[in-house]
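Report on the structure given below.
The structure displayed is predicted, hence computed values, not measured ones.
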Amino acid sequence: MGEAEVSRFLCILIKMGEALQNSGAEVFRVEDTLNRIAAAYGAQEVNVFVITSSIVVTLTMPQLPPQTQTRRLRHASGNDLLMLEELNALSRRICAAPPSVEEFQRQLDAILAQHADSRLRLAGSVLAASSFAVFFGGSLWDGLLAGVIAVLVFWMERCLAPFCMNGVEFQFIASFCCGISTLLFCRIGPQLHADKILIGIIMLLIPGIMLTNSIRDILLGDIISGSLRLVEAILMAAVLALGMMAAIWLMGGIA
């Protein structure tokens, strides 16, 4: 590789790391994947530093000076396990038989161009909210209403989230609107149980995977990244509770 091609490869490598991070991968997985791919292309030395908001990669190829690139991550708290699996499969193929840099970029762009079927995501949200509401003691009517409110959550994730400054702001707005909507419906139908319905809705918004990944990062030695994720998860959980409490207080209680 010449210097120009190494620079291009480094840009694609960071793009791969960003895609992994945005899909919900742990910091250790992102760093390990980038190290392995760079080694497969003949890098003599690779230094990768990843936190939840930034990636820095320094690459040294044979007979060439080191090159460094960095990228600011602004949306690193998503969870797309299907894309994560495809990215992992791509990294395994590359490590087994490295293609050209152009082919690497083509395959990566093809994966990133894919979008999950919104209908499946909507169905999953409705099923999860309804199931949890019934599982925790609610009636079928409670499960039905939880599914209706799940549609509202899905709509806000698609239409409202892009206009919010960050996930914390969206979390408060979404939890508050869901709480108000649930309690209004329960005022109309006295046979409904607002607490069971709210439990089902909370399960859609609670940052469970983020919390799990933060603990795993800390246990693997990535203290900075794990601590940042842990603080973000706790903050989002607290804001979720605050939004629900505000709705309950404004409506004069659950009963």
Side-chain angles (χ1 to χ4, degrees), residues 1-114 207 209-233:
M1 290 187 189
E3 287 192 34
E5 193 172 11
V6 171
S7 178
R8 181 182 177 186
F9 169 70
L10 188 54
C11 183
I12 300 170
L13 194 64
I14 289 185
K15 189 176 182 180
M16 176 80 168
E18 181 182 17
L20 286 167
Q21 184 82 322
N22 290 345
S23 298
E26 311 93 319
V27 168
F28 172 80
R29 183 186 297 273
V30 177
E31 293 182 344
D32 183 64
T33 299
L34 299 190
N35 275 298
R36 289 177 182 272
I37 292 176
Y41 278 89
Q44 287 184 333
E45 184 178 355
V46 188
N47 292 290
V48 182
F49 177 73
V50 179
I51 57 176
T52 56
S53 59
S54 178
I55 295 180
V56 182
V57 181
T58 299
L59 189 66
T60 304
M61 302 297 286
Q63 301 178 348
L64 290 175
Q67 291 194 34
T68 300
Q69 288 191 21
T70 182
R71 180 165 299 183
R72 176 75 163 87
L73 304 180
R74 300 188 181 277
H75 303 284
S77 59
N79 298 298
D80 190 336
L81 299 184
L82 179 60
M83 179 172 289
L84 181 60
E85 173 58 29
E86 293 185 356
L87 291 171
N88 289 333
L90 173 61
S91 67
R92 287 190 288 268
R93 293 196 302 270
I94 290 173
C95 291
S100 64
V101 175
E102 292 77 10
E103 179 63 17
F104 179 18
Q105 182 174 17
R106 187 193 67 78
Q107 293 187 32
L108 178 59
D109 289 341
I111 293 175
L112 297 180
Q114 299 176 5
I209 296 180
M210 184 187 299
L211 180 61
T212 303
N213 284 345
S214 68
I215 300 300
R216 182 170 184 178
D217 287 338
I218 292 173
L219 293 177
L220 291 173
D222 297 307
I223 306 299
I224 296 176
S225 299
S227 300
L228 290 174
R229 272 185 172 168
L230 180 61
V231 170
E232 185 178 3

Do [X] and [Y] have side chains that approach each other closer than 4.5 Å (heavy atoms only, starting at C-beta)?
{"X": "Arg36", "Y": "Ile94", "value": "no"}
{"X": "Asn47", "Y": "Thr60", "value": "no"}
{"X": "Thr68", "Y": "Val56", "value": "yes"}
{"X": "Leu90", "Y": "Met16", "value": "yes"}
{"X": "Val101", "Y": "Gln105", "value": "no"}
{"X": "Leu10", "Y": "Val57", "value": "yes"}

What's the spacing between [X] [atom1] and [Y] [atom2] if we round to 0.5 Å?
{"X": "Gln44", "Y": "Leu64", "atom1": "CD", "atom2": "CG", "value": "9.0 Å"}
{"X": "Ser91", "Y": "Leu108", "atom1": "OG", "atom2": "CG", "value": "11.0 Å"}
{"X": "Glu18", "Y": "Ser23", "atom1": "CD", "atom2": "OG", "value": "10.0 Å"}
{"X": "Phe49", "Y": "Ser54", "atom1": "CZ", "atom2": "OG", "value": "7.5 Å"}
{"X": "Arg92", "Y": "Ile37", "atom1": "CZ", "atom2": "CD1", "value": "11.0 Å"}
{"X": "Ile51", "Y": "Leu73", "atom1": "CD1", "atom2": "CG", "value": "8.5 Å"}

Considering all heavy atoms, the nearest [X]-[Y] contact:
{"X": "Gly226", "Y": "Ser214", "answer": "O-CB, 3.4 Å"}
{"X": "Ala38", "Y": "Val46", "answer": "CB-CG2, 3.4 Å"}
{"X": "Pro98", "Y": "Ala40", "answer": "CG-O, 3.4 Å"}
{"X": "Asp109", "Y": "Lys15", "answer": "OD1-NZ, 2.8 Å"}
{"X": "Leu59", "Y": "Ala43", "answer": "CD1-CB, 3.5 Å"}
{"X": "Arg229", "Y": "Glu26", "answer": "NH1-CA, 3.6 Å"}

Are the side chain of [X] and the backbone N or O of [Y] linked by a donor-acceptor pair below 3.5 Å?
{"X": "Gln69", "Y": "Ser7", "result": "yes"}
{"X": "Asn35", "Y": "Val48", "result": "no"}
{"X": "Thr70", "Y": "Ile55", "result": "yes"}
{"X": "Glu31", "Y": "Val50", "result": "yes"}
{"X": "Asp217", "Y": "Val27", "result": "yes"}

Any salt bridge linking Glu85 with Arg29? Criterion: basic side-chain nitrogen under 4.0 Å from a carboxylate oxygen. no

Do Leu211 and Leu230 pass the side chain to side chain contact (heavy atoms under 4.5 Å, CB included) test, and can you show the C-alpha distance, the side-chain angles, and the key distance before you say yes or no? CA-CA 6 Å; Leu211 180 61; Leu230 180 61; 3.4 Å; yes

After noting the C-alpha distance and the side-chain angles of Arg106 and Glu103, does the key distance pass the salt bridge (charged side-chain N to carboxylate O under 4.0 Å, His left out) rule? CA-CA 5 Å; Arg106 187 193 67 78; Glu103 179 63 17; 2.7 Å; yes

Pair Leu112, Met83 - check side chain to side chain contact (heavy atoms under 4.5 Å, CB included), show working. CA-CA 8 Å; Leu112 297 180; Met83 179 172 289; 4.1 Å; yes

Atom [atom1] of [X]: over 12 foreign heavy atoms under 6.0 Å:
{"X": "Gln63", "atom1": "CD", "value": "no"}
{"X": "Ile224", "atom1": "CD1", "value": "no"}
{"X": "Arg71", "atom1": "CZ", "value": "yes"}

May I ask you to decide if the ring planes of Tyr41 and Phe9 are parallel, tilted or perpendicular, using 30° and 60° as cut-offs? tilted

